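Quick caveat, the model's predicted, so the values are computed rather than measured.
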Amino acid sequence: MTIELTASPIKVKQVILPNGLTVWLNEDHSQSKVVGALVVKIGAKDSPNTGIAHYFEHIMFKGTDRIGTIDYEKEKQLLEKIEEKYAELKTKTSDAQRLEVQKEINRLSIEAAKYAIPNDFSNLITKYGGSRLNAGTSYDYTVYHNVFTPQYLEHWCELNSERLISPVFRLFQSELETVYEEKNMYDDRMESGVMKAIIGRIAAPHPYQYPIIGSTENLKNPDLKEMKDFFEKYYVAGNMGLVLTGDFDAEAAIPIIDRTFGRIRMGEVERPEAPAPKPFVGAEKYTVKFPIPFIKGAMMAWHTVPGTHPDKEAIDVMVGLLSNEGKTGLLDRVQVDGKVMMAQAAHVSLLDCGAVLAFAVPNPPFQLTSSAQKKLKEAVKTIKTGAFSEDFFQRVKRELLKSILVSLEEPVERAQIMYTTFASGRSWEDYELSLKRIDALTKEDIVTVANKYLTDNYLDVRKKTGRYPKDKIEKPPFAPIIPPNRGAESAFAQELEKLPIPEHRVHILDFDKDVVTTKLGGNDLATLYVTENEINDIFSLDIIYQRNQYDDPKLQYLDEYMSLLGTDKKSAHEVNEAFQNLGASLTWAVARREGIRISLTGYDKYFAETLKVLSDFIFNAKPEQSKVKKLANIKKLYNKSLKKSSDELSARLFEYVRYGEASDFRRMMTLAEVKKLKGDEMLELLAEVLQTEVDVHYTGKWKAEDVAPILCENLRIDKIKRVGDKPVLLKATKASDTKIYIVDEPKVNQAVIRAYLNIDALSKLDEKSAELYTSYLGRGMNSLLFQEIREYRSMAYGVGGYLDALDPIFKEDKADLILYMSTQADKTADAIALLDTLVRQAPEDVERYGDAQKTLTNLAYTMYPEVRRKSRRISTLRRKGFDNDIAVEYLDVASTVTQNDMVSFHNNKVKDAPIIYTIVGNKKHIDIDKLKTLGEVVFLKKDDFLRL
């Protein structure tokens, strides 16, 4: 099958500025937003184990000598003294000596903060149309990105070029603590230790062996001079790329980009050749620890090639023959057949090296790890010997190409592909050629690379039960650094105000014009939504039956069960192959309270044939009791994993405290109940689903009148008789006093905190005021909670809040304010006390009120959905009782709610309301006595709220 690349939105214009900066521009006028990204070819490998690349990513948000300061000359003198003290800190060996230097750093930092304008950069991004501001550091590159509205293109360019010219290392001590919190968060994830260990051996002695965030020892001993040298060496124009994709005029943008980003100093970067990973000799035995005793595991890892190597595309397809989206891979088949519990393969491709990983989890409790590994070896042998069909090979290629083309449709995903391509050293033409190379690959090419790389020299990884030790980081005894100049205008901010703001049309989702809506059948129980796709010839179809998992928990397992079945005439493999033969992919999803979704993507010219395959499968599925046993094993693994995850435990604890036995999690099936499921019982459940009210969303090139009869026939619309389930309304437990529920989890560094407070009877004005208040309180980087808790005091890495309001359909007048935070365990009591104080505080800050208005406005301007999501947004909002796009509501709130309205709402509904807190963390490090000053402390055990 030939892929028409010109039909996809990947026309990229490249411009090289005189200073050497590469610019990639891609126009897409389908949505009213632009995605901007700055990518620097510098990552963790260039400062191995120090964390400098990641630290510097954080520093790039602190401003420059013109952004974030009221008097840089005076501030600079103090910052230079702080730099000297950090250099002195590295020479101290005793804890007492280090503490004295750190106290002096703290004192100087507080003095320097008197000249700082906190969050000036992020505030200006918000002021000028920006949202979703973020950054990331990888092994090979660092990227800074956000979404913004098109009329502020010049402002965006001014801000983001300025930050690259003269960044200032202000408020460094606070950011250091924030990075500690980030490290604790990653270390608490149970997969973190095992992945560090595996990557460490695969990559060594290459710097990829070290974690991106760096070692604790290096984090404790930062060197500001090293960081400045790092900036001087790597942040030069020849080592950077600018990516813009979205609703702008490329030709008009070039002079603006040249004037702004052309100021960045020239320079190229020469890197010494990094050492190659140490080869594996034979089957090198390697044991890793994983904290779940129930499961065993086998992994095989082979070294491959860097991401720019000509063999990369062939390796990607080779891995697709092992496991793929259509579940037709050799390892997929082993899993579907129940010969192992789980099996999968992946290709990790970095700039300097790569690896193919294949792993399998044996069936519990008796299957041996060696037996699972045997299945991996058999699959690899099949590819190496060419014992797979040409037809299978072509199907996998088509699926891979289709997936790539769909990912290029949406601006945020497209921007990511663009900047990762640039960071890898490839041109956009190289990227397009790589798609053509995939299409041109032959079966013989795959056999060649399989024999070249999947040799008898590999890493033989086995799992044993255990945990890797965690570094302990104590809460520092320092005073918080709270700059007094919030709301002050820097000289640079005043310059930005002088720039013109052109008119620009805002895209608002129109319920009547953006999609064609048609009723199917004659009983008003099936609705078709059709959206025209002008991008390519790939259709998407979402079939959403209005059946509620909450009312029948068995539905939770329907998607997994159906993925294992065939029909009365076809095996599960033959069904998967039938879809893949047509270039189609099938997925199922069971949402907690939002219906059963069957999703198809495929090629428009095969739409009718694809629907026939789907119809045959869903209406003729054959029950298999042996596959139900797999559901029980999945549930058992889920239960074991759940008990080791503080995030998952927190979610379930919070829901239990909030809703009691009505919680979704308390209604889920237990392992004993799953074991009693019957295969035919599950298909009877499916039959009920297929006769329930349905929304069908088609995006493609066909017209509604052409799609409708095909759907009516193949989905048996005339058989639909059951009205859909109504949305479930769960009402939170009414709190009379503040309470704090704690579950002890001694193996984690961080405490995961969630909270809620009831808000009674809301008028229409209250609803609007609540929306703006939560934007003020906890939405985004400019919010009160983020700035006061994270930015000023480094009490948490993630913190925020939102209004969980009832949908209009319920005609109710209550809502809950939801708060969340994660923090180092020994900071828990102080962090909650601060959170409590901030929530009680009246929202009288004029600057934050303006920020809240702008945050909502920017969100409204940039939330117009990409083409495949339009109709689902419309139908979801309609079912919830909305008459307009939620963006209209946000714009109305931002323009009509006054600060007095917001203050009144807070004083009447929030100020004195009891707050219910839940904490999952190590109680040994939590100051329980201090928590008791806030409210009653209640200790729960996992068995009190988990239903396993």
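Crowding of Lys443 atom NZ: a count of heavy atoms from other residues, nucleotides or ligands under 6.0 Å exceeding 12. Atom NZ of Lys289 has more than 12 heavy atoms from other residues, nucleotides or ligands within 6.0 Å.
In this structure a side-chain-to-backbone donor-acceptor pair under 3.5 Å is present from Arg398 to Asn581. A distance-only check finds no donor-acceptor pair linking the side chain of Ser599 to the backbone of Thr587 [under 3.5 Å]. Looking only at distances, no side-chain donor or acceptor of Asp337 sits under 3.5 Å from a matching main-chain atom of Lys339. For Ser192 (side chain) and Tyr186 (main-chain N/O), a donor-acceptor pair under 3.5 Å exists by modelled atom type. A side-chain donor-acceptor contact under 3.5 Å links Asp140 to the backbone of Leu351. Not a single donor-acceptor pair under 3.5 Å links the side chain of Ser323 to the backbone N or O of Gln344. Between the side chain of Ser641 and the backbone N or O of Leu637, at least one donor-acceptor pair lies under 3.5 Å. In this structure a side-chain-to-backbone donor-acceptor pair under 3.5 Å is present from Arg265 to Glu232. For the pair Asn324 (side chain) and Thr328 (backbone), a donor-acceptor distance under 3.5 Å is present.
Salt bridge Arg395/Asp391: present, at least one basic N to carboxylate O contact under 4.0 Å. For the pair Asp187 and Arg189, the salt-bridge criterion is not met [side-chain N within less than 4.0 Å of a carboxylate O]. Salt bridge annotation for Glu409-Arg868: present, with a cationic side-chain nitrogen under 4.0 angstrom from a carboxylate oxygen. With respect to the salt-bridge test (charged N to carboxylate O, under 4.0 angstrom), the residues Glu378 and Lys381 do not qualify. A salt bridge links Arg201 with Glu284: the distance from a Lys NZ or Arg NE/NH1/NH2 to an Asp or Glu carboxylate oxygen falls below 4.0 Å. Classification of Glu226 and Lys233 as a salt-bridged pair fails, no side-chain N sitting under 4.0 Å from a carboxylate O. Using a 4.0 Å cut-off between charged side-chain N and carboxylate O, Asp247 and Lys33 make no salt bridge.
The cationic group of Lys463 does not satisfy the cation-pi geometry with Phe290, failing either the under 6.0 Å distance to the six-membered ring centre or the 45° limit from the ring axis. For the pair Lys196 and Tyr468, the cation-pi test (distance below 6.0 Å, angle within 45°) is failed. With Tyr419 as the aromatic partner, Arg426 does not meet the cation-pi criteria of under 6.0 angstrom to the ring centre and within 45 degrees of the ring axis. For the pair Arg163 and Phe61, the cation-pi criterion (under 6.0 Å, within 45° of the ring axis) is fulfilled.
Taken from NZ in Lys13 to CD in Glu251, the straight-line distance is 4.5 Å, to the nearest 0.5 Å. To the nearest 0.5 Å, atom CG of residue Asp352 and atom OH of residue Tyr139 are 12.5 Å apart.
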| Could you go step by step and tell me if Val447 and Phe388 meet the side-chain contact (heavy atoms from CB on, under 4.5 Å) rule? | CA-CA 10 Å; Val447 173; Phe388 56 92; 4.1 Å; yes
| After noting the C-alpha distance and the side-chain angles of Glu182 and Met185, does the key distance pass the side-chain contact (heavy atoms from CB on, under 4.5 Å) rule? | CA-CA 5 Å; Glu182 186 176 1; Met185 177 184 70; 4.3 Å; yes
| task | Please lay out, stage by stage, how Tyr234 and Phe56 fare under the test ring pair (Phe, Tyr, Trp, His ring centres under 6.0 Å). | result | CA-CA 11 Å; Tyr234 293 111; Phe56 198 80; over 10 Å; no
| field | Verdict with reasoning, Phe280 to His303, per ring pair (Phe, Tyr, Trp, His ring centres under 6.0 Å) | value | CA-CA 8 Å; Phe280 306 128; His303 287 128; 4.1 Å; yes
| Can you check ring pair (Phe, Tyr, Trp, His ring centres under 6.0 Å) on Trp156 and Phe148, steps first, answer last? | CA-CA 8 Å; Trp156 188 90; Phe148 62 95; 5.2 Å; yes
| request: Evaluate the side-chain contact (heavy atoms from CB on, under 4.5 Å) criterion for residues Tyr141 and Thr420: first the C-alpha distance (whole Å), next the side-chain angles of each, then the deciding distance (0.1 Å), finally the verdict. | output: CA-CA 8 Å; Tyr141 64 87; Thr420 54; 3.1 Å; yes
| request: Decide side-chain contact (heavy atoms from CB on, under 4.5 Å) for Met300 and Lys377; before the verdict, give the C-alpha distance in whole Å, the side-chain angles of both, and the deciding distance to 0.1 Å. | output: CA-CA 9 Å; Met300 301 172 72; Lys377 291 181 175 180; 3.9 Å; yes
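Residues satisfying the side chain to side chain donor-acceptor pair (under 3.5 Å) criterion with Ser161, sequence neighbours excluded, are Arg263.
Between Ile438 and Asp316 there is no side-chain heavy-atom pair separated by less than 4.5 Å. The shortest distance between side-chain heavy atoms of Met190 and Ile292 falls below 4.5 Å. Within the 4.5 Å cutoff, no side-chain heavy atoms of Asp445 are placed close to those of Val449. The shortest side-chain heavy-atom distance between Leu350 and Tyr208 falls under the 4.5 Å cut-off. Contact annotation: the side chain of Lys375 never approaches that of Gln373 to less than 4.5 Å [non-hydrogen atoms, C-beta and beyond]. In this structure the side chain of Thr421 reaches within 4.5 angstrom of the side chain of Trp428, judged on heavy atoms.
For the residue pair Ala276 and Pro205, the shortest heavy atom distance occurs at O-CD, 3.3 Å. Residues Ile257 and Leu17 come closest through the heavy atom pair O-CD1, 3.9 Å.
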